[in-house]
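A short worksheet on the structure shown next.
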Amino acid sequence: MLALSWVAAFVACLGYGVGSVLQSVGARRTAHVAGVSGVALILLQAPYLIGLAADALAFMANVVALQQLPLFLVQSIMTASVGVTAVIASIRGEALSGKDWVSLAVLGSGLVILCVTADPQSAVRVSSTSQWIILASAVLPVLVGLAGLRVPVRSSALVLAGAAGLAWTGVAVASRGVSADQISWALLGQPLLWAIVVQGVIGAIFFALALQRGSVTAVTAVTFMLEMVIPSGIGLWLFGDNVGTGQGPWAVLGFLLAIGGTISLTRFAE
């Protein structure tokens with residue numbers, strides 16, 4: 001099971017990275033069509049649909065990975081998908097600068113350190129009260145997002161990106177919690193499953209609104225930062241995620257390198 005979780009984590013990373021490229025290809029094919037017609041046309045593009053399928057596969061793999069691996073590791077691997085996107089961009093002919101290659105090396109080094117120092121363990125089943133709190137926490141990104149719609153445009157994008165990051169933090173935490181249970185129809189009654197659905201939709205809405213108001217690079221940097229840092233802290237506190245004995249300083253170094261490399265490569269989210 002542990003080996004499956006490791007494989008699933010990197011399948012998720014690859015899936016999100018490839019999915020981003022395919023969706024970009026599909027979207028650019030319809031860039032000349034505006035409005036609702038343009039959106040409808042995007043959904044008819046094979047690359048875009050395959051990209052969505054890759055995202056769905058990546059999400060399922062992410063849940064499998066969280067059955068045995070701590071949140072700080074899985075979230076770092078997941079957001080490192082931007083590195084996969086950068087490599088694909090290079091293969092497709094885009095020239096990467098020296099800074100880009102250094103960022104990829106920093107990101108890779110951080111992930112290697114995290115993989116070595118992480119202490120894999122099964123997901124801990126949380127109490128019913130904690131599950132309802134995680135579901136109710138969806139109120140926070142909604143409040144932040146609504147506030148973001150009322151501030152000046154220059155700040156609005158970052159606040160909305162923060163709302164999306166908070167919502168997807170809820171998705172990550174709920175995914176770690178729900179992975180402690182066997183997949184069955186009983187999951188439909190679990191608050192954690194509905195937390196994944198509700199917070200996922202909230203995150204997608206506010207992320208789209210953020211992209212309407214700001215650059216992809218800035219918006220993605222904010223969401224990636226929140227998706228990495230907050231779930232990692234919650235995992236250490238709520239689920240007992242841990243690192244190997246005496247490996248704390250190395251794990252912190254690996255985490256910082258992973259964050260730095262990921263943020264430096266966010267322009268490829270474009």
Side-chain angles (χ1 to χ4, degrees), residues 6-29 31 47-48 50-51 54-55 57-59 61-62 65 69-118 157-158 161 164-165 168 172 207 210-211 214-232 243 247 249-270:
W6 279 108
V7 172
F10 286 97
V11 167
C13 177
L14 184 63
Y16 282 128
V18 172
S20 295
V21 174
L22 290 172
Q23 289 173 59
S24 174
V25 171
R28 288 180 180 178
R29 285 184 178 181
Y48 190 85
I50 296 172
D55 277 351
L57 174 63
F59 176 75
N62 202 54
L69 301 179
L71 266 169
F72 68 82
L73 175 59
V74 175
Q75 290 302 105
S76 297
I77 293 175
M78 182 193 73
T79 54
S81 62
V82 71
V84 174
T85 304
V87 171
I88 295 175
S90 175
I91 294 174
R92 294 180 67 206
E94 180 170 346
L96 302 190
S97 66
K99 176 187 174 183
D100 294 329
W101 287 113
V102 170
S103 298
L104 282 170
V106 169
L107 173 57
S109 299
L111 291 181
V112 169
I113 294 173
L114 284 174
C115 289
V116 171
T117 58
L158 298 182
W168 285 333
F207 188 72
L211 291 177
S215 72
V216 175
T217 302
V219 168
T220 306
V222 171
T223 55
F224 276 1
M225 178 71 75
L226 293 177
E227 281 188 88
M228 291 178 73
V229 175
I230 299 179
S232 299
V243 297
Q247 300 294 315
W250 285 105
V252 172
L253 174 62
F255 192 67
L256 292 176
L257 290 175
I259 289 178
T262 298
I263 300 302
S264 181
L265 291 168
T266 49
R267 75 178 181 87
F268 289 98
E270 194 85 43

Problem - Thr85 side-chain N/O to Gly17 backbone N/O, donor-acceptor pair under 3.5 Å - result: yes
Completion exercise
Heavy atoms of Ala161 and Thr223 approach each other most closely as O-CG2, 3.1 Å
Problem - Atom pair OG1 (Thr117) and CG (Leu253), whose distance is rounded to the nearest 0.5 Å - result: 9.5 Å
Exercise for the section: Taking all heavy atoms of Leu114 and all of Ala258, pick out the closest pair and write down the distance. Expected result: CD1-CB, 4.2 Å
Handout entry: Check: Asp100/Ser103 side-chain N/O donor and acceptor closer than 3.5 Å
Key = no
Practice task
Taking Gln75 for its side chain and Glu227 for its backbone only, find out whether a donor-acceptor pair lies under 3.5 Å.
Solution key: yes
Exercise for the section: Kindly compute the distance separating CG (Leu14) from OG (Ser81), expressed to the nearest 0.5 Å. Expected result: 9.5 Å
Handout entry: Distance-minimising heavy-atom pair for Cys13 and Val84
Key = SG-CG2, 3.8 Å
Practice task
Of all the heavy-atom pairs spanning Val82 and Leu265, show the shortest one and how long it is.
Solution key: CG2-O, 3.2 Å
Completion exercise
In this structure, CE of Met78 is separated from CZ of Phe59 (nearest 0.5 Å) by 10.0 Å
Handout entry: Evaluation steps, side chain to side chain contact (heavy atoms under 4.5 Å, CB included), between Val11 and Trp6
Key = CA-CA 9 Å; Val11 167; Trp6 279 108; over 6 Å; no
Completion exercise
Correct closest heavy-atom pair for Leu111 and Ala80 would be CD1-CB, 3.6 Å
Practice task
Spell out, as yes or no, whether a donor-acceptor pair under 3.5 Å connects the side chain of Ser264 to the backbone of Gly260.
Solution key: no
Exercise for the section: Starting at CH2 of Trp168, measure out to CZ of Phe207 and round the result to the nearest 0.5 Å. Expected result: 5.0 Å
Practice task
From the options Val112, Thr79, Thr262, select the one residue that forms a side-chain contact (heavy atoms from CB on, under 4.5 Å) with Leu107.
Solution key: Thr262
Problem - side chain to side chain contact (heavy atoms under 4.5 Å, CB included) between Phe255 and Met228, intermediate numbers included - result: CA-CA 9 Å; Phe255 192 67; Met228 291 178 73; 4.2 Å; yes
Practice task
Check Ala9 against Leu69 and note the closest heavy-atom contact, atom names and distance.
Solution key: CB-CD1, 4.1 Å
Problem - pair Val18-Ile50: side-chain heavy atoms closer than 4.5 Å - result: no
Problem - Check: Ser90 and Trp101 side chains under 4.5 Å, non-hydrogen atoms - result: yes
Problem - Pro249 vs Val252 side-chain heavy atoms within contact, under 4.5 Å - result: no
